Amino acid sequence: MLAAPNAPPPELVAALRAARFVAVLTGAGVSAESGVPTFRDAQTGLWSKFDPRELATPSAFARNPKRVWDWYAMRRAMVGRAAPNPAHTALAELERRVPEFVLLTQNVDGLHQRAGSIRVVELHGNITQVRCSREGTRVAQWDDSDDAPPRCAACGAFLRPDVVWFEEMLPDDALEAAEDAATRCDVLLVVGTSAEVYPAAALPAIARRRGAQVVEINPDTTPLTAQADHVLHGPAGVVLPALVAAAWSGSGMATQRGYSGGAPFLPD
Ligand code: BV8
C-alpha cells in the first residue's frame, strides 16, 4: 500500500517557486495510476509478459510484422481506454505556474497532452500515430483489418507505429530540445522512470552537472536515487498535486507565464 508521502521539503518548494525554467522527465510510472501498465513492474509490467527484443526493435518488425503490429494495436486500444490521472493534471498546472517549462516524456500514450500539457517533447514517439516504414510519412487513416499490418497507399510498404524502437535513434529535434532543457533548467523533476533506457536516462546527470536541482518522484529506488538532490518516495498522482499545491496555494501571488505585472494573479 503506497503510503501518502510527507509534505514536500520546504527548500524544494522554495526552489520550485523561484525557478525560472522547470523541466520534467517522465516515464511509464506517471501513467500507472491511469491503468497503463509500466514496462518493468515484475507482475504487471509489459516486459514481464513480452520480450522487448521480440517486439520493439526494427529486426523484430522485419521478422514478424503482424505480431509487432498486433501488439501495438493492443497497447493503442489500452491507451485509448485510459484517462489522465492527477499526476498528469498537476504537471499541466505546473506548466502554467512557471516562467519557462518543458515536459520530456518517454511515454507514447499522449496522456500529458490530454491533461492539457502544451510544451511536451515525445522522446520515443506516440503510439496513436502511424507512419510508412519506408518513407516515414505519417498516415491519418489506416484499416486495422486482419491483413495486418496495413500497407502504405503511396509505396506499398508496411505501415508501422510512430514510436522509437530500441536501436533506433531519437528524432533530432526531440533530442536537441531534451539536451537544451537539461542544460538550461533550474529544476528537473524526474517522475516515474526506472532511468535505465538511454539516451533519456542520461538527462538527469547533464542537468545536475549544470547545477540544476534534480528531484526524483518514484515509490521505488532507481539508479538515479543516489544522485538526486531531493527524493519524494510515493505515487506521482499523490506527490505531484501535493508539491504544486505546496508551492502555489495560499501563498499569495504566483507567477503566470505572460503575466504582465497588472492586477496580481491569485491562485484559485
Ligand atoms: C539508441 C518506445 C542508437 C516504444 C522505448 C547506453 C548504455 C546502454 C544501452 C544503451 C546506451 N545507449 C543506447 C543503448 C541501447 C538502448 C537502451 O537504452 N537499452 C537499455 C535497455 C539498456 N537505447 C536505445 O536503443 C535507444 N536508441 O540508442 O539508438 C543505437 C543504434 C543501434 C544500436 C544501439 C544504439 C532507443 C530507446 C527508446 C526505445 N523505445 N519506447 C514502446 O513504447 O514500445 S523505451 C520504453 O522503455 C519507454 O519509452 C521507456 O523509455 C522505457 C521504460 O522505462 P520507464 O518508462 O522508466 O518504465 P519502467 O517500467 O522501466 O519504470 C517505471 C518506473 O515507474 C519504476 O521505477 C516504478 O517504480 C515507477 N512507478 C510505478 N508506479 C508509479 C511509479 N512512479 C510514480 N508513480 C507511480 N504511481
Side-chain angles (χ1 to χ4, degrees), residues 1-5 24-61 67-76 78-79 82 84-88 90-91 104-112 121-130 160-172 174-175 178 189-205 215-225 228 231-243:
M1 217 309 283
L2 292 166
V24 180
L25 173 64
T26 64
V30 85
S31 295
E33 293 155 82
S34 296
V36 178
T38 66
F39 290 77
R40 275 177 183 70
D41 183 287
Q43 280 72 43
T44 62
L46 285 169
W47 296 153
S48 65
K49 296 191 204 64
F50 308 98
D51 175 345
R53 282 181 303 280
E54 285 315 309
L55 288 156
T57 63
S59 46
F61 187 65
R67 183 162 185 263
V68 171
W69 177 269
D70 291 348
W71 187 63
Y72 279 93
M74 175 276 288
R75 288 177 57 195
R76 191 177 303 120
M78 203 164 33
V79 161
N85 68 63
H88 298 107
L91 289 173
L104 311 168
T105 189
Q106 300 167 80
N107 300 345
V108 295
D109 57 30
L111 289 175
H112 286 301
V121 175
E122 295 180 309
L123 298 171
H124 297 163
N126 187 309
I127 202 169
T128 64
Q129 287 157 1
V130 160
R160 58 161 285 175
D162 190 20
V163 298
V164 178
W165 281 326
F166 288 98
E167 298 153 21
E168 286 188 326
M169 277 318 290
L170 277 56
D172 293 345
L175 206 46
L189 303 182
V190 182
V191 188
T193 184
S194 58
E196 291 178 1
V197 172
Y198 288 78
L203 295 168
V215 182
E216 180 174 62
I217 296 172
N218 195 313
D220 298 347
T221 58
T222 74
L224 177 67
T225 307
V231 176
L232 305 183
H233 275 306
V238 174
V239 172
L240 281 171
L243 184 57

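Here the structure is a predicted model, which means the values were calculated and not measured. Start at 1 and go down the list; that is how both ligands and their atoms are numbered.
With ligand atoms numbered from 1 in the order given, ligand 1 contributes 4 (C), 42 (C), 44 (O) to contacts under 4.0 Å with heavy atoms of Tyr72. Atoms of ligand 1 lying under 4.0 Å from any heavy atom of Glu33, numbered from 1 in the order shown and given with element: 78 (N), 79 (C), 80 (N). Short contacts between ligand 1 and Asp220, defined as distances under 4.0 Å to a heavy atom of the residue, involve ligand atoms 69 (O).
With a 4.0 Å cut-off on non-hydrogen atoms, Arg75 touches ligand 1 through its side chain and not its backbone.
In terms of polar-atom proximity, defined here as any N/O pair under 3.5 Å, Leu170 makes no such contact with ligand 1. Any N or O atom pair closer than 3.5 Å counts here, and Val164 shares at least one such pair with ligand 1. Between Gly192 and ligand 1, at least one N/O pair is under 3.5 Å apart.
Here the shortest heavy-atom pairing between Gly234 and Ile217 reads O-CG2, 4.3 Å. Across all non-hydrogen atoms, the minimal contact from Ala87 to Val30 is CB-CG2, 3.8 Å.
Residue-ligand proximity: Ala200 is placed with every non-hydrogen atom at 4.0 Å or more from ligand 1.
Ring geometry for His112 against His88 counts as perpendicular: the plane angle is over 60°, on a 0 to 90° scale with 30° as the lower cut.
The nearest non-hydrogen atom to atom 35 (C) of ligand 1, considering only Met169, Glu167, His233, Gln106, comes from Glu167.
For the 3.5 Å distance criterion, the side chains of Glu216 and Thr225 qualify, holding a donor opposite an acceptor.
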